[in-house]
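Step one of this worksheet: look at the structure below.
What you are looking at is a predicted structure, and each value in this text was computed from that prediction instead of being measured. So that the names make sense, note that chain A is the first sequence line, chain B the second, and so on, each numbered from 1.
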Protein chains: 2
Amino acid sequence: MTPLVSSFVAHFGEMGSRWGINRTVGQIYALIFVSPRALNADEIAESLSFSRSNVSMGLKELQAWRLVRLRHLPGDRREYFEAPTDAWEVFRTLAEERRRREVEPTLTMLRSALLETPSNEEDRIAQERMRGMQELIEMLMLWFDEVQALDPATLEKLLRMGARVQKVLEFTDRLRGGASH
Amino acid sequence: MTPLVSSFVAHFGEMGSRWGINRTVGQIYALIFVSPRALNADEIAESLSFSRSNVSMGLKELQAWRLVRLRHLPGDRREYFEAPTDAWEVFRTLAEERRRREVEPTLTMLRSALLETPSNEEDRIAQERMRGMQELIEMLMLWFDEVQALDPATLEKLLRMGARVQKVLEFTDRLRGGASH
DNA sequence: CTGGAATTTCAGAAAGTCTTGAAATCCGGC
DNA sequence: GCCGGATTTCAAGACTTTCTGAAATTCCAG
């Protein structure tokens with residue numbers, strides 16, 4: 001591992017642990033992400049000095065997050081892993097997974113709490129606050145559905161525009177046929 | 001604590017631990033968020049059955065995240081805590097803090113890695129991927145700066161529109177004086 | 001000042017998470 | 001089917017984080 005890769009990997013280890021994901025998993029992902037070719041578990045264990053079984057666990061988790069893909073190389077029985085290199089695609093995947101794991105359960109809880117008839121003033125106020133939260137989350141999800149529909153190529157163009165929100169949205173509007181419905 | 005509040009609090013405990021923030025802190029926040037009035041540390045400790053010192057730590061962390069505000073009630077020496085109830089404001093605060101704690105350090109790392117002259121093909125490819133990541137993050141931050149500029153009242157209106165992205169942006173565009181610059 | 005309520009700090013106990021090597025399982029090629 | 005490499009599972013230990021009660025500190029009221 002070159003110093004360049006090594007510092008990238010170390011950083012993602014730190015970030016992983018700030019975030020729900022653990023250090024090891026963060027490092028494994030970072031290594032695969034910058035690697036020019038798919039890697040097998042032994043190569044990863046070797047590069048990062050983790051036990052083989054730790055790598056196996058980490059890869060399983062990364063697959064559950066859909067952040068890495070399994071591949072087979074012809075004439076090699078081992079499993080190789082690679083990560084999508086398009087940053088936008090990665091971002092979308094992460095957002096989808098977080099939505100499924102965090103946002104949806106939260107909405108479920110909020111919806112069910114909001115169905116209750118408040119039995120006192122305290123609950124009534126609590127429900128008001130929960131309603132505000134629910135509305136925001138639902139709106140953000142609508143936004144996100146829209147943005148998510150943009151393909152990497154379009155995004156690429158937008159990136160190059162150094163877009164401010166209005167510009168970005170005018171642009172997508174044009175792409176999608178102009179008139180709002 | 002009513003069952004309604006109790007299930008909200010429990011949910012935020014869970015979510016907190018999925019996320020960097022710990023269970024206790026999540027629960028304390030949730031309790032303050034739905035409470036009709038500011039609470040003092042003893043009330044919180046009592047409601048959640050945490051030790052007084054645990055609550056003190058948790059409140060310190062929530063203050064560091066700027067998610068709760070300290071207040072003094074006339075004729076009472078104790079410190080009372082309340083949370084902004086506007087969901088959009090909370091969201092902005094969270095986003096700002098995460099940006100400061102996670103995004104900026106990542107950008108710093110990426111920028112410095114991208115200044116290096118790659119000494120081999122592997123590093124060259126690694127840098128390409130890092131560049132893609134950096135560009136995406138920088139674009140998202142630009143977007144966010146824009147969105148962040150919207151005040152709660154505007155957001156409120158947008159919420160009621162049930163906005164899809166285009167609509168939202170046309171709307172903000174109108175508010176901001178029409179012509180893009 | 002001083003007394004005492006409120007808050008914070010801190011070190012150790014408790015709980016939880018991560019990592020490992022050994023054993024079990026899987027699976028393709030012969 | 002059987003061999004053997006590849007992968008996964010698992011229980012135990014290492015390590016981290018969280019939580020607590022006791023002690024220290026802060027700071028207001030008199």
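For the pair Q27(B) CD and dC19(D) C1', the interatomic distance rounds to 13 Å; values are reported in whole Å. The nearest whole Å value for the distance from the CG atom in D42(A) to the C1' atom in dT8(D) is 13 Å. Following rounding to the nearest Å, E43(A) (CD) and dA6(D) (C1') show an atom-to-atom distance of 14 Å. Atoms CD (E61(B)) and C1' (dC19(D)) sit 14 Å apart, rounded to a whole Å. When rounded to the nearest whole Å, the span between CD1 of I28(A) and P of dT7(D) equals 13 Å. Across the protein-nucleic acid pair, N40(A) atom CG and dT8(D) atom P stand 12 Å apart, rounded to whole Å. The CD atom of E46(B) sits 17 Å away from the C1' atom of dA6(C) (whole-angstrom rounding). Protein atom CZ of R18(A) is 12 Å distant from nucleotide atom P of dT17(D), rounded to whole Å.
Distances shown here put a side-chain N or O of N22(B) below 4.0 Å from the OP1 or OP2 atom of dC19(D). Note on K60(B): a side-chain N or O is less than 4.0 Å away from OP1 or OP2 of dT9(C).
Heavy atoms from other residues, nucleotides or ligands lying under 6.0 Å from CD of E97(A) number more than 12. At most 12 non-hydrogen atoms from other residues, nucleotides or ligands lie less than 6.0 angstrom from CZ of R71(A).
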Which pairs, protein N/O on one side and nucleotides 21-25 of chain D N/O on the other, fall under 3.5 Å?
unit_1: dG21(D); atom_1: N7; unit_2: S53(B); atom_2: OG; d: 3.2
unit_1: dG21(D); atom_1: O6; unit_2: S53(B); atom_2: OG; d: 2.7

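R131(A) CZ to R111(A) CZ: the interatomic distance, rounded to the nearest 0.5 Å, is 13.5 Å.
Under the 4.0 Å criterion applied to side-chain N and carboxylate O atoms, E96(A) and R99(A) are not assigned as salt-bridge partners. Salt bridge status for R124(B) with E128(B): present, with a side-chain N to carboxylate O gap under 4.0 Å. Between R78(B) and E43(B) there is no salt bridge, since no side-chain nitrogen of the basic residue lies less than 4.0 Å from a carboxylate oxygen of the acidic one.
Listed by residue number, the members of residues 68-79 of chain A with any heavy atom below 4.0 angstrom from DNA chain D are R77(A), R78(A), E79(A).
Taking the six-membered ring for Trp and thresholds of 30 and 60 degrees, F91(B) and W88(B) have nearly parallel ring planes, at less than 30 degrees apart.
T93(A) and W65(A) make their closest contact through CG2-O, 3.4 Å (heavy atoms, listed as atom of the first residue, atom of the second, distance). For the residue pair Y29(A) and P84(A), the shortest heavy atom distance occurs at OH-O, 4.4 Å.
In terms of position on DNA chain D, the residue among Y80(A) and T24(B) whose nearest nucleotide sits closer to the 5' end is Y80(A). With the nearest nucleotide of DNA chain C identified for both S49(A) and R23(B), R23(B) has the one nearer the 5' end.
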